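Values in this document were obtained by computation on a predicted structure and should not be read as measured data.
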Amino acid sequence: MTKKIAAIWAQDQNGLIGKDQVLPWNLPADLKHFKEITSGHSILMGRVTFDGMNRRILPNRTSIILTQDPNYNVENEDVLIFHDLASVLKWYQQQDKNLYIIGGGQIFSLFEHDIDEIIKTDIHSSFEGDTYFPKDFDLTQFKEVSSQFYSKDENNKYDFTVKVLERKGS
């Protein structure tokens, strides 16, 4: 398997990805999918996203926090802290796991040109929130390679579709 840098996120039909630093919906089937995809690999997020998760470390993953704060510290050996894109990319090149970028918006934009694959959950509903996927992110550089629709059920209140896109020419 060739390692890759992938962006993975869920959004509503208006591009909303968060409210008050958390997801504005609860879709256990999508969270299960996220766990299956990212388990055994590394996840990268900004400090705000990590704080929005109450600094919770997801099991069986290396968490990477990207922050401009040179004094930011998390006392956990499963958490790495970097302060710039170049440092993250250098670390990525020196190891053999996939790197999944999980947010927020500034982090997606920062890594836009380094992403090999996108795993995007489109939730077929609208929500209230304050954070949107970056409108200037160029999705035309990617082609859809798979799409799977999930119907709402007793545990998942909304229909959603998980799409996988690969960078064109890769």
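In summary, the side chains of Asp51 and Tyr72 do present a donor paired with an acceptor at a separation below 3.5 Å, with no hydrogens or angles considered. With hydrogens and angles left out, the side-chain atoms of Asp30 and Thr121 include a donor and acceptor closer than 3.5 Å. Side chain to side chain, Ser126 and Asp12 fail the donor-acceptor criterion of an N or O pair below 3.5 Å. In this structure, a donor-acceptor pair under 3.5 Å is absent between the side chains of Asp69 and Thr67.
With a 4.5 Å cut-off on side-chain heavy atoms, Met53 and Leu58 count as touching. Proximity of Ser147 to Val162: side-chain heavy atoms (C-beta onward) are nowhere separated by under 4.5 Å. His113 places none of its side-chain heavy atoms less than 4.5 Å from the side chain of Gln141. Between Glu144 and Ser146 there is no side-chain heavy-atom pair separated by less than 4.5 Å. Counting heavy atoms from C-beta on, the side chains of Asp20 and Asp130 come closer than 4.5 Å. A 4.5 Å side-chain heavy-atom check between Asn98 and Ile5 finds every atom pair outside the cut-off. Proximity of His41 to Arg61: side-chain heavy atoms (C-beta onward) are nowhere separated by under 4.5 Å. A heavy-atom distance below 4.5 Å is found between the side chains of Leu31 and Asn26.
A side-chain donor-acceptor contact under 3.5 Å links Thr38 to the backbone of Phe34. Using modelled atom types, no side-chain atom of Arg47 and backbone atom of Ile65 make a donor-acceptor pair closer than 3.5 Å. For Gln148 (side chain) and Lys163 (main-chain N/O), no donor-acceptor pair under 3.5 Å exists by modelled atom type. The backbone N or O of Thr161 lies less than 3.5 Å from no partner atom in the side chain of Asp122, so there is not a single donor-acceptor pair. Side chain of Lys19 to backbone of Phe127: no donor-acceptor contact under 3.5 angstrom is found. A donor-acceptor pair is defined here as one N or O able to donate and one able to accept, closer than 3.5 Å; no such pair exists between the side chain of Asp159 and the backbone of His124.
Under the ring-ring contact (aromatic ring centres under 6.0 Å, His included) criterion, Phe133 pairs with Trp9, Phe108, Phe137, not counting sequence neighbours.
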Next on the checklist: Could you walk me through whether Lys152 and Lys157 satisfy the side-chain contact (heavy atoms from CB on, under 4.5 Å) test, starting with their C-alpha distance in whole Å, then the side-chain angles of each, then the deciding distance to 0.1 Å, before giving a yes or no?
Outcome noted: CA-CA 5 Å; Lys152 63 183 172 182; Lys157 295 180 182 179; 5.8 Å; no
Next on the checklist: Val79 vs Ile57, test: side-chain contact (heavy atoms from CB on, under 4.5 Å). Steps then yes/no.
Outcome noted: CA-CA 8 Å; Val79 177; Ile57 309 302; 3.1 Å; yes
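Hydrophobic clustering (side-chain heavy atoms under 4.5 Å, transitive across Ile, Leu, Val, Met, Phe, Trp, Tyr) keeps Ile17 apart from Met45.
Around the NZ atom of Lys135, the shell of radius 6.0 Å holds no more than 12 heavy atoms that belong to other residues, nucleotides or ligands. For Gln106, the CD atom is loosely surrounded, since the number of other residues' heavy atoms within 6.0 Å does not exceed 12.
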Identify each donor-acceptor pair in which a side-chain atom of residues 85-94 lies under 3.5 Å from a protein atom, sequence neighbours left out, and give them as a table.
unit_1, atom_1, unit_2, atom_2, d
Ser87, OG, Asp84, OD1, 2.9
Ser87, OG, Asp84, OD2, 3.4
Tyr92, OH, Lys4, N, 3.2

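Not less than 6.0 angstrom separates the ring centroid of Tyr150 from the ring centroid of Tyr158.
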